[in-house]
Protein chains: 2
Amino acid sequence: MKTIMSSAGRRSTILEVARLAGASKTSVSRYFGDERERLSPTLQDRIAHAASTLDYQPNQMARGLKGGRSKLIGMLVADIRNPFSVAITHGVEQACRQYGYSLLVCNTDNDSEQERQHLDLLGAYQVAGLVVNATGSPETQIQAFIRHGTPVVLLDREVSNVDAEVVGLDNQLAIDSALDHLSAQGYQAVLYVSEAPEQSSTRQRRLACFNQGAQQRALSHATLLLTGDTNTRQALSHFLATHPQHACAVLCGNGNVTLTVTRLFQQLGLPLGQVGLMGIDELDWCDLVPPGITTLAQPTDAIGKTALQCLRHRITSQTSPQPTTLSFTPTLIARGSTRR
Amino acid sequence: MKTIMSSAGRRSTILEVARLAGASKTSVSRYFGDERERLSPTLQDRIAHAASTLDYQPNQMARGLKGGRSKLIGMLVADIRNPFSVAITHGVEQACRQYGYSLLVCNTDNDSEQERQHLDLLGAYQVAGLVVNATGSPETQIQAFIRHGTPVVLLDREVSNVDAEVVGLDNQLAIDSALDHLSAQGYQAVLYVSEAPEQSSTRQRRLACFNQGAQQRALSHATLLLTGDTNTRQALSHFLATHPQHACAVLCGNGNVTLTVTRLFQQLGLPLGQVGLMGIDELDWCDLVPPGITTLAQPTDAIGKTALQCLRHRITSQTSPQPTTLSFTPTLIARGSTRR
DNA sequence: AATCAAAATGGAACCGTTACCATTTCATGA
DNA sequence: TCATGAAATGGTAACGGTTCCATTTTGATT
């Protein structure tokens, strides 16, 4: 014997609230919009009471349709499993909630086809703003958003021909700090390891800064790109072998690289510190691998929050983008891996 | 001299496509809905052409409004910075994209007030389904979703009085495997470390299984809860001190705990392996801390995808929940930390 | 050629809001 | 008391789709 739950609960509408409160749709709408003070205290009370009785909540779909924009912020993330991305997402999400937005998180897994699809969908949801950590170069699609009047902020990676603020690390400063630290610690030859730079302006920039900075400091240097087919272990050994007379160090372009290289060090039995190791991006475990891995930490929360601030600013003041680059300063966390 | 971009691009509507194609709104709607085959090939072509000319894409807000449901899946995550949660989110997100849904990710930071707010919003967006990794006990709110006909799936954690599938690890099996492994390795006294169990049914269950399982195996055992005020370092030392005649091991209830305890081991200078260490949840760095930390890995991707399958099943077949528990089998990854 | 069912297409109402404009209410000063 | 403007409130047409129902077209059958 089953109890039939016939009240397959429709959610209540503005009209029902209006009726119960003895008011008009318009007044109820005003109450829940930002014109509550235009209503007499009496009416406010009646509406408040009716709404809570009916458990009313404005339908965001209807609002979005009517207003031409939703209260959604779209966020495109290149790799959601990267702790750095997660940390930033966390910052963005917090800021969203604070201002009544919800976050539509779209992970692209570094695949531009997925990126394209996601951007299409985000368009269809008429997002109020877009935070993009790009994979490929979705120029045209992003331009379309901008043309439609949707504010866009680029996170960490630039996209060519897109006029939007870029929020991220000061890469020049990061690389400089790293090289300064390494040479201060007495390392004379540095290998920079990076993932494929084509995908990301940041990777390119760090690579360029590295080459330039290493040269300025008269450091022996080389670079290694982690592509699928190179034998990284061999490349690393080779670098060490060609610099027998120097104290060698490896600088990792991001957290993923640090992970890979640390594994490599262990496989090769390289003593951390004697061969220096340093990475951009702080990770949970950097203090756990003895004697600790030196890193440059990014202020992820600040970056995320700033990204949303940019959007909010442009959403409210309808100004067009002032293609600035907002660069944040990394924090050096020195540990044993760069102590000889 | 500035070029004024006066075409502050409105996106094109179904009506415009209809006009350009010389067809009716209805036909265009059918084309983009799932009744394309009802249209004559000629008409399909005309519409396709018009749509691509105008760069048309159906407005999801309008669709959602009309249909009473959006193509959004809401996901409530207790702690988005936990790699385990991220891995599952990744699985859910992939599955969503595959079926044309978008994922509204809501992080609660283990705060039930945030959870409440987020659930409200998700309601307002008329999500097609809800994946909940609960923090507190949002019983009433979730019941409201179910009453409204929105399918709900619980992830990892149950919520009392909510009839919904629970997708997650087979905790009994996990604890049993762990204890079997530990005692096979010769450990005789085991300390189970967990975060506050009030928040999470899973933590409670693992704790209970541990106590029962340890007793059955005649292991000396104790538990330690990581709350803010306990001196965990002291507690751990105390456990070791009270079992001088036994080979001791620590079992960690989840990834966060593993991180904390590993730090503790280092602070105390405990030799990994001689004092055993084992954790539930596999983490990036578990093979990096010498001699490697033994873990039970959860099939996160499968869990995430299954969660969405459940939703889809219930979205399409409108059946009411069959409050099953879908339990997944953990994989033991044995490393040096449990080798004496 | 006439008939008829099936296939193809279109008209219009409605989903739940908001925003413009119109109307009512109210307090104020002449 | 009445005019007057401001404040408070309400009516109604969109917003961009979907869906029911009606209409037209098509092709097969007699």
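Bear in mind that the values here come from a model prediction, so they are computed numbers and not experimental data. Letters A, B, ... mirror the listed sequences (proteins, then strands); counts begin at 1.
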Does the pair Glu139(A) and Ser160(A) meet the rule for a side chain to side chain donor-acceptor pair (under 3.5 Å), with working shown? CA-CA 7 Å; Glu139(A) 294 184 28; Ser160(A) 45; 3.1 Å; yes
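Atoms CD1 (Ile14(A)) and P (dG11(D)) sit 13 Å apart, rounded to a whole Å. Remark: C1' of dT18(D) and CG of Leu15(B) are 14 Å apart, rounded to the nearest angstrom. The distance from atom CZ of Arg36(B) to atom P of dA8(C) is 15 Å, rounded to the nearest whole Å. Rounded to whole Å, atom C1' of dA14(D) lies 13 Å from atom CZ of Arg10(B). Leu39(B) places its CG atom 15 Å from the C1' atom of dT26(D), with the value rounded to the nearest Å. Atom CZ of Phe32(A) and atom P of dG16(C) are 15 Å apart (whole Å). Rounding to whole angstrom units, CZ of residue Arg38(A) and C1' of dC21(C) are separated by 12 Å. Taking atom CZ of residue Arg19(B) and atom P of nucleotide dG10(C), one finds them 14 Å apart after rounding to whole Å.
Contact annotation: Thr26(B) side-chain N/O to dG10(C) OP1/OP2 distance is not under 4.0 Å. In this model, the phosphate group of dT9(D) is approached by a side-chain N or O of Ser40(A) to a distance below 4.0 Å at OP1 or OP2. At dG11(C), none of the side-chain N or O atoms of Ser24(B) fall inside 4.0 Å of OP1 or OP2 (strictly under the cut-off). Contact annotation: Ser27(A) reaches the phosphate of dG10(D) (side-chain N/O to OP1 or OP2, under 4.0 Å). At the phosphate of dT17(C), OP1 or OP2 sits under 4.0 Å from a side-chain N or O atom of Tyr56(A). OP1 or OP2 of dT18(C) has at least one side-chain nitrogen or oxygen of Arg63(A) nearer than 4.0 Å. Within the structure, every side-chain polar atom (N or O) of Thr13(A) is placed at least 4.0 Å from both OP1 and OP2 of dG16(C).
Residue side chain Lys66(A) reaches the base of dT18(C) through a donor-acceptor N/O pair under 3.5 Å, judged by distance alone.
Distance from the side chain of Lys25(A) is smallest to dT18(C) among dA13(C), dT18(C), dG16(C). Out of dG10(D), dG16(C), dG17(D), the shortest distance to the side chain of Arg30(A) is found at dG10(D).
Nearest-nucleotide positions on DNA chain C for Leu65(B) and Thr42(B) put Thr42(B) closer to the 5' end. Mapped onto DNA chain C by nearest heavy atom, Ala23(B) and Gly67(B) fall at different nucleotides, with Ala23(B) at the one closer to the 5' end.
Residue contacts shown for Glu35(A) are absent, as no nucleic acid heavy atom lies under 4.0 Å away.
Between Arg116(B) and Glu113(B) a salt bridge is recorded (basic side-chain N to carboxylate O distance below 4.0 Å).
Once rounded to the nearest 0.5 Å, the distance linking CD1 of Ile14(A) with CZ of Arg63(A) reads 8.0 Å. Atom CG of Asp301(A) and atom CD of Gln94(A) lie 5.5 Å apart (nearest 0.5 Å). Note that the CG atom of Leu54(A) and the NE2 atom of His49(A) stand 9.5 Å from one another [nearest 0.5 Å]. To the nearest 0.5 Å, the span separating CD on Glu93(A) from CG on Leu308(A) amounts to 10.5 Å.
Two residues are said to be in side-chain contact when any heavy atoms from C-beta on lie closer than 4.5 Å; His118(B) and Leu76(B) meet this criterion.
The end-to-end axis angle of the helix from dA1(C)-dT30(D) to dA30(C)-dT1(D), rounded to 10 degrees and based on five pairs per end, is 50°.
With hydrogens and angles left out, the side-chain atoms of Asn107(A) and Gln114(A) include no donor and acceptor closer than 3.5 Å.
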